[in-house]
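Down below is the structure, laid out as structure tokens.
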Amino acid sequence: MPTSPTRGRSFPATSPDTEFFWEGAREGKLLAQRCSGCRALRHPPGPACPVCHSLDYDIVELSGRGVLYSYVVQHHPAAPGFDGPALVAAVELEEGVRLVSNLVGVDPDDVKIGESLEVIFVDQEEGWTAPQFRRLSA
Ligand code: ZN
């Protein structure tokens with residue numbers, strides 16, 4: 001049975017470093033930090049560059065396309081906001097950063113590492129927007 005986009009999830013814990021990410025999602029944009037020192041992209045957001053330790057960065061919009069790097073199917077305990085098993089996916093975006101999200105619209109028994117994915121933005125009942133992924137449309 002294909003997984004469905006979820007709409008009843010609680011808003012994740014945030015910090016001043018992650019607010020831009022969720023604001024971008026509300027506007028339908030997948031954003032990441034780019035170090036002003038060495039230009040490395042990074043995700044998840046944080047206060048300092050793990051490569052050169054610079055505290056300066058700007059925000060760039062990502063394409064939202066990538067490939068399935070890894071995944072797990074969580075059957076138990078039931079995850080709040082999910083109708084069935086939760087397909088938790090690590091997506092390697094074409095810019096090179098990885099993001100943990102959900103893969104929707106697929107049968108968990110028919111998932112393939114390396115398949116092409118694209119982001120979708122799913123508004124949640126609590127008033128925030130969750131970036132999730134689906135198979136890239138041909
Ligand atoms: Zn850096």
Side-chain angles (χ1 to χ4, degrees):
M1 179 177 185
T3 54
S4 302
T6 57
R7 301 184 190 284
R9 295 174 56 190
S10 298
F11 189 52
T14 62
S15 76
D17 294 317
T18 63
E19 286 175 5
F20 78 90
F21 179 83
W22 300 111
E23 288 172 13
R26 266 190 286 277
E27 298 170 3
K29 297 176 181 174
L30 193 62
L31 303 177
Q33 291 174 314
R34 181 176 57 194
C35 177
S36 299
C38 71
R39 312 299 284 168
L41 287 174
R42 63 184 195 246
H43 187 86
C49 176
V51 177
C52 74
H53 310 293
S54 171
L55 300 177
D56 299 322
Y57 63 87
D58 60 2
I59 305 294
V60 295
E61 184 174 357
L62 306 174
S63 68
R65 290 184 301 273
V67 297
L68 182 61
Y69 180 79
S70 185
Y71 70 96
V72 296
V73 181
Q74 180 188 344
H75 293 273
H76 184 80
F82 287 81
D83 295 334
L87 209 165
V88 181
V91 180
E92 186 164 270
L93 297 163
E94 59 186 14
E95 293 86 354
V97 290
R98 293 182 192 146
L99 182 147
V100 175
S101 180
N102 299 113
L103 181 53
V104 299
V106 299
D107 185 324
D109 293 332
D110 186 35
V111 175
K112 295 175 185 64
I113 297 294
E115 67 178 307
S116 297
L117 306 175
E118 64 183 354
V119 72
I120 59 172
F121 295 94
V122 182
D123 292 334
Q124 301 295 301
E125 292 165 1
E126 283 191 3
W128 62 287
T129 302
Q132 298 181 340
F133 285 80
R134 66 183 177 195
R135 285 192 168 124
L136 185 64
S137 349

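All residue numbers in this chain count up from 1 along the given sequence. Whatever order the structure lists them in is the order used to number ligands and atoms, beginning at 1. Just so it is clear, the structure is predicted and the values come from calculations on it, not from any experiment.
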Notebook entry, point to check: For R7 and E125, what are the C-alpha separation, side-chain angles and deciding distance, and is it a salt bridge (charged side-chain N to carboxylate O under 4.0 Å, His left out)?
Noted result: CA-CA 6 Å; R7 301 184 190 284; E125 292 165 1; over 6 Å; no
Margin query: Check this for me: Y69, atom OH, are more than 12 non-hydrogen atoms of other residues, nucleotides or ligands nearer than 6.0 Å?
Written below: no
Check: Is R65 close to S116 at the side-chain level, that is, under 4.5 Å between some pair of heavy atoms?
Finding: no
Check: What pairs with S36 under side chain to side chain contact (heavy atoms under 4.5 Å, CB included), at least two apart in sequence or on another chain?
Finding: D56
Checklist line | Protein-derived N, O or S atoms lying under 2.8 Å from the Zn ion (ligand 1), waters excluded | finding: 4
Next item on the list: Measure the shortest side-chain to side-chain distance between V106 and F133 over non-hydrogen atoms and say whether it is less than 4.5 angstrom.
Entry: no
Next item on the list: Following the transitive rule for hydrophobic clusters with a side-chain heavy-atom cut-off under 4.5 Å over Ile, Leu, Val, Met, Phe, Trp and Tyr, establish whether V60 and V119 coincide in one cluster.
Entry: yes
